[in-house]
Every structure is written in structure tokens, then in C-alpha cells.
Amino acid sequence: MAGRIKIVAGNWKMNKTSPEAVKLARGLIVNIGRLEHPRVILCPPYTALSELANILKDSNIYIGAQNMYAAESGAFTGEIAPSMLLTIGVTYVILGHSERREYFSETDTIVNDKIKLALKSGLIPIVCVGEKLEQREEGQTEEVVAGQIDGSLAGLSADDMDEVVIAYEPIWAIGTGKTATPEMAQEVHRFVRDRLKAGFGETAEKVPILYGGSVKPENAAGLFSQPDIDGGLVGGASLKVEDFAKIVKSV
Ligand code: PGA
């Protein structure tokens with residue numbers, strides 16, 4: 001547990017034009033731009049990354065992308081390479097979000113390729129895992145999450161894991177208003193940490209594991225007080241200055 005950093009990341013998904021993104025970011029700078037704890041990361045759409053990176057460079061807020069492609073350059077129309085993100089000041093990249101797995105057919109193998117290239121390029125991946133409602137109801141949560149962890153992180157070293165953030169996001173809780181109780185979430189977080197420990201040894205204690213899925217100002221403190229929940233990946237509530245600032249301050 002010692003030395004693990006706490007993180008609150010806002011996943012803006014496909015929301016906010018550039019002018020809207022600038023407005024939201026400026027509001028956040030005023031409210032939480034000087035906080036030293038926890039680490040705050042904003043993940044706007046690609047079109048706002050560059051502008052936000054500029055606006056935020058004198059604050060304590062970091063910038064993350066929501067995706068990238070697993071190649072350094074080339075004929076991949078419509079895709080974005082990690083070096084393109086790095087050179088505009090992006091530090092983090094969300095990989096394997098359930099929406100990408102579901103709507104864009106991303107498999108653990110694809111996610112694994114992306115993670116490896118992100119690390120090689122110097123980006124810190126925020127790797128998402130989580131089960132569907134029917135899988136939870138069938139008692140398959142651990143099996144599903146273990147498969148995603150093992151598949152997504154295959155071939156990484158313990159040193160690599162020093163630069164990885166995990167987000168546990170039960171799919172049934174994303175954007176639905178249904179949150180896992182702090183105890184339910186902690187149980188899976190503990191399981192994830194044990195799985196990481198089996199694969200990577202003591203480095204697992206240093207890996208931040210974020211909870212995602214309808215995190216709101218009202219439930220954030222309860223979730224974040226659990227021993228293996230090191231912060232949150234926040235969707236809907238990250239689109240409002242007040243709500244996101246409250247969540248950040250509740251760590
Ligand atoms: P939500 O999204 O907070 O709107 O549930 C979380 C996420 O998908 O990262």
C-alpha cells in the first residue's frame with residue numbers, strides 16, 4: 001500500500017467540442033488546478049487534446065487520451081499514433097475501455113499490443129477491465145476479470161507494471177446510475193491486486209487500481225476509502241466542474 005498514488009481521471013468520452021472543453025478545463029483549473037493530491041487527469045476527445053494540454057501545462061492537472069492505435073505510423077486512415085499524443089503533451093492513455101471492446105471489437109490481444117506500444121513510447125496506459133451484468137449474475141466476475149488482466153498484460157515485466165494504471169469498471173455500472181457498493185468494488189479490486197501479485201510480484205502493491213462506473217459526488221468518498229481502491233475513472237460526472245471537483249476533493 002505504501003507509496004501508491006491516488007488518481008481521479010475524467011473520461012469525457014465523445015463529449016465537448018473544443019470551445020466547450022476549454023471552458024470545462026478552465027473551470028477545473030480554478031477549482032482543482034493547484035491540488036497536489038490526488039493526481040487529476042482529464043481525457044477529452046482527440047480534437048481538444050492539444051489545446052487542453054497547453055492550457056493545463058502550468059497546473060497540476062494531467063492530460064490523457066481515450067485511445068490510440070498500436071502502430072508508430074503508416075497507412076492506418078483515421079488512427080492516432082502514440083508519438084502524436086506524446087508530442088502534444090499527453091501523459092496517459094485509456095486502453096481497453098469496455099465501450100471500445102464492445103463497439104469497436106477490441107480484444108485482449110489488441111489491447112495488449114496497444115499497451116506494449118504505449119509503454120515503449122512513454123505513455124502511461126490506464127487499462128480497463130470489468131464484467132457484464134449477466135457475467136456477474138452467473139458468478140463469473142473473477143473469471144472474466146482474470147482473463148482480461150492476463151490477456152491485456154501478457155508479456156509485460158514487473159518494471160513495465162510500475163508504469164501501468166488499472167481501472168476496474170463493471171459494465172453494468174457504467175452510465176447506468178448503478179454503482180457497485182464500496183464492499184463489492186473492494187472485493188474485485190483485491191482480486192485484481194492478487195492477480196497482479198501472482199504475475200508481477202510486489203510491484204502489484206504500487207499499481208493504482210481505479211474504480212469506474214457511475215462515480216458521483218455522493219458515492220465517491222465511500223468507494224475511495226476502501227484499501228484497494230486508489231481513485232476513480234469518472235465518466236458522466238466528469239463533465240460538470242462542480243461534480244468533478246467534489247469527487248476529486250473526496251479522495
Ligand atoms: P460513468 O462512466 O462514470 O458515466 O459511469 C465511467 C467510464 O466509462 O469510464
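This is a predicted model, so every value here is computed, not measured. Numbering of ligands and ligand atoms starts at 1, following listing order.
Of the listed options E99, E169, K178, E169 places a heavy atom closest to atom 9 (O) of ligand 1. For atom 5 (O) of ligand 1, the candidate residues are S238, G175, G235; the nearest heavy-atom contact is made by G175.
At a threshold of 4.0 Å, the pair D243-K216 does not count as salt-bridged, since none of the basic side-chain nitrogens sits closer than that to a carboxylate oxygen. Looking at E106 and K114, a side-chain N of the basic residue comes within less than 4.0 Å of a carboxylate O on the acidic one, giving a salt bridge. E218 has no carboxylate O lying under 4.0 Å from a charged side-chain N of K246, or vice versa, which leaves the two without a salt bridge.
Taking CD1 of I41 as the start and CG of L233 as the end, the distance is 9.0 Å to the nearest 0.5 Å.
A side-chain N or O of W172 and one of E131 form a donor-acceptor pair less than 3.5 Å apart.
With a 4.0 Å heavy-atom cut-off, ligand 1 is reached by the side chain of N11 but not by its N, CA, C or O. Of the heavy atoms in A237, none comes closer than 4.0 Å to ligand 1.
Ligand 1 has K13 within reach: a non-hydrogen atom of the residue lies less than 4.0 Å from it.
Classification of the Y69-F76 ring pair by plane angle, with boundaries at 30° and 60°, yields tilted.
Ligand 1 places these atoms under 4.0 Å from at least one heavy atom of I174: 2 (O), 5 (O), 8 (O). Contact atoms of ligand 1 toward L233: 6 (C), 9 (O) (distance under 4.0 Å to a heavy atom of the residue). Interface atoms of ligand 1 facing G213, defined by a heavy-atom separation under 4.0 Å, are 5 (O). The distance from ligand 1 to the heavy atoms of G236 drops below 4.0 Å at these ligand atoms: 1 (P), 3 (O), 4 (O). Residue contact check: H97 has heavy atoms under 4.0 Å from atoms 7 (C), 8 (O), 9 (O) of ligand 1. Numbered from 1 in the order shown, with element, the atoms of ligand 1 that lie under 4.0 Å from a heavy atom of A173 read 5 (O).
In this structure, E20 places its CD atom where more than 12 heavy-atom neighbours from other residues, nucleotides or ligands lie under 6.0 Å away. Within 6.0 Å of CD on Q186 lie more than 12 heavy atoms contributed by other residues, nucleotides or ligands.
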